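Structure, as structure tokens:
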Amino acid sequence: MAPSSGAPCTKGRSAIPELPEVETVRRALGPWLCGRTVIAAERVEAPPGPKYAGLERLPGQRIEAVLRRGKFLLLPLSRADRSGSAAGAPGPGDELIVHLGMTGVVRRTPPDAHLRVRVRLAGPEPSTLYFQDVRRFGRFTVVPSGDYRTLPTLAALGPDALASEFTVAAFARALRRSAMAIKTLLLSQRAVAGVGNIYADEALWRAGIHPERPARQLDRARVAALHQAIGAVLEESVALQGTTLHDYRTVDGEVGSFLERLAVYGHAWEPCPRCGTTIEKVVLGQRGTHVCPRCQPRPRRRRHRA
DNA sequence: CGCATTTCCTGGTAGC
DNA sequence: TGCTACCAGGAAATGC
């Protein structure tokens with residue numbers, strides 16, 4: 001419905017949850033889920049496979065926390081029912097890993113379609129968690145704590161963009177090692193975790209860096225500017241509960257309002273808010289990429305020296 | 001190992 | 001109207 005709601009025409013329609021959207025979800029889930037014990041968990045409308053692996057291990061485990069690393073939600077679990085010590089320390093548990101992918105939604109009410117996982121919890125209503133995922137790019141997996149062998153991106157994840165470990169020095173080190181286009185490296189999650197297509201374009205525009213510039217060619221000033229831009233754009237978006245392009249909603253069904261702050265993403269052919277030059281949309285690494293050709297000049301080709 | 005390419009998946013939409 | 005073709009995109013799998 002409401003095909004034109006005043007939103008910029010992105011031609012995109014999906015949620016595309018990145019760090020701010022996942023953080024918004026995390027904050028809503030924490031108070032609801034922490035301390036609760038799983039009674040039952042089942043896969044619904046989804047084929048068997050690694051994306052929903054380990055659900056049978058959930059019953060009997062208690063959710064200890066709702067954490068986030070990049071775009072991954074990590075829920076450490078504990079087994080409270082070890083024989084003997086009823087009041088003793090909880091036994092070592094597993095870890096529930098949730099990734100929203102493109103269209104994943106964690107809900108307290110049943111969706112009308114595309115339900116993938118249902119989890120029943122002990123305690124007061126609402127006591128059922130529903131994981132809905134139209135395009136099945138998401139994940140809902142239980143693994144032994146810290147065993148990320150089936151999640152290579154999580155295993156090699158860089159520091160979270162909003163964590164104190166994400167320092168300019170660490171960022172510079174990661175960039176120096178890579179010949180990839182800076183935007184492609186950002187999307188890989190290896191140099192920094194949590195930046196996706198929208199915020200990569202926004203941060204690079206803020207920092208005045210062309211997305212195709214090889215990562216190792218960023219000088220100190222550009223590295224610092226990009227580091228600062230990533231933190232700023234993500235923090236501003238978290239404060240507004242993220243960006244709703246179309247489908248994304250907070251757990252309480254609200255829209256995120258960072259959409260109106262987007263400078264380039266979804267604004268191809270419109271004037272750059274800083275200089276007025278027409279914003280271009282190109283394809284980089286199979287991803288739609290928005291760039292102001294004046295604010296983000298293409299890197300000059302390196303001169304050969306004899 | 002590093003990097004590029006392909007695959008997964010469905011709803012919306014352009015074009016006829 | 002109804003059909004086909006195509007597109008969006010994060011992470012995993014595959015291919016050098």
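Residue numbers begin at 1 in each chain, while the letters A, B, ... track the order of the sequences. Quantities reported herein were computed from a predicted structural model and do not represent experimental measurements.
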To the nearest angstrom, the CG-P distance between A:D133 and C:dA11 comes to 13 Å
By salt bridge (charged side-chain N to carboxylate O under 4.0 Å, His left out), A:R118 pairs with (sequence neighbours left out) A:E42
Axis-to-axis angle across the helix from B:dG2-C:dC16 to B:dC16-C:dG2, five pairs each end, nearest 10 degrees, ~ 40°
Taken in chain and number order and not counting sequence neighbours, the residues that satisfy salt bridge (charged side-chain N to carboxylate O under 4.0 Å, His left out) with A:E236 are A:R206
Is there a side-chain polar atom (N or O) of A:Y265 under 4.0 Å from OP1 or OP2 of C:dG9?
yes
Out of C:dG9, B:dT10, C:dA12, minimum distance to the side chain of A:R136 belongs to B:dT10
Against the side chain of A:Q189, the closest entry in C:dG10, B:dC9, C:dA11 is C:dA11
Under 3.5 Å, which donor-acceptor pairs do the side chains of residues 190-204 of chain A form with other protein atoms, sequence neighbours left out?
residue : atom : partner : partner atom : Å
A:N197  : OD1  : A:K183  : NZ           : 2.6
A:N197  : ND2  : A:G288  : O            : 3.0
A:Y199  : OH   : A:E21   : OE2          : 2.7
A:Y199  : OH   : A:S237  : OG           : 2.6
A:Y199  : OH   : A:T243  : OG1          : 2.8
A:D201  : OD1  : A:K183  : NZ           : 2.8
A:D201  : OD2  : A:H290  : N            : 2.8
A:D201  : OD2  : A:H290  : ND1          : 2.8
A:E202  : OE1  : A:A263  : N            : 2.7
A:E202  : OE2  : A:A263  : N            : 3.2
A:E202  : OE2  : A:V264  : N            : 2.9
A:E202  : OE2  : A:Y265  : N            : 2.8

Under 3.5 Å, is there a donor-acceptor pair between the A:T289 and A:R287 side chains? no
Subject >> N/O donor-acceptor pair, side chain A:R135 with base C:dA8, under 3.5 angstrom >> reply: yes
Taken to the nearest whole Å, CG/A:L284 to P/C:dG10 is 13 Å
Atom OH of A:Y199 and atom C1' of C:dG10 are separated, to the nearest Å, by 15 Å
From the candidates B:dG11, C:dA13, C:dG10, the one with an atom nearest any side-chain atom of A:V134 is B:dG11
Side-chain atoms of residues 165-180 of chain A: list all donor-acceptor pairs with protein atoms under 3.5 Å, sequence neighbours left out, distances to 0.1 Å.
residue : atom : partner : partner atom : Å
A:T167  : OG1  : A:A170  : N            : 3.0
A:S178  : OG   : A:M180  : N            : 3.1

Q: Step by step, work out the ring-ring contact (aromatic ring centres under 6.0 Å, His included) result for A:F140 and A:F131.
A: CA-CA 8 Å; A:F140 202 102; A:F131 183 64; 5.3 Å; yes
In B/S/- notation (B base, S sugar-phosphate only, - none; protein heavy atoms under 4.0 Å), nucleotides 2-8 of chain B written 5' to 3' is -S--B-B
Here the distance between atom C1' of B:dC9 and atom CG of A:L100, to the nearest Å, is 16 Å
- Query: Contact class for A:G285 vs. all strands (heavy atom < 4.0 Å): base, sugar-phosphate, or nothing?
  - Reply: nothing
Please determine whether a side-chain nitrogen of the Lys or Arg among A:R298 and A:E212 lies less than 4.0 Å from a carboxylate oxygen of the Asp or Glu. yes
Problem - A:E64 and A:S78: side chain donor to acceptor below 3.5 Å - result: yes
note: A:H99, atom NE2; B:dC9, atom P; distance rounded to Å ~ 17 Å
Here the distance between atom C1' of C:dA11 and atom OH of A:Y148, to the nearest Å, is 16 Å
**Prompt:** Any Lys/Arg nitrogen of A:D133 or A:R136 sitting under 4.0 Å from an Asp/Glu carboxylate oxygen of the other?
**Reply:** no
Next on the checklist: Checking A:R57 against A:D94 for the salt bridge (charged side-chain N to carboxylate O under 4.0 Å, His left out) test, could you report, in this order, the C-alpha distance in whole Å, the side-chain angles of both residues, the deciding distance, and whether it holds?
Outcome noted: CA-CA 8 Å; A:R57 305 159 67 110; A:D94 292 336; 2.8 Å; yes
In whole angstroms, the gap separating C1' of B:dG12 from CE of A:M102 amounts to 12 Å
According to a strict under-4.0 Å criterion, is A:H114 in side-chain N/O contact with OP1 or OP2 of B:dT10?
no
note: A:N197, atom CG; C:dA8, atom P; distance rounded to Å ~ 10 Å
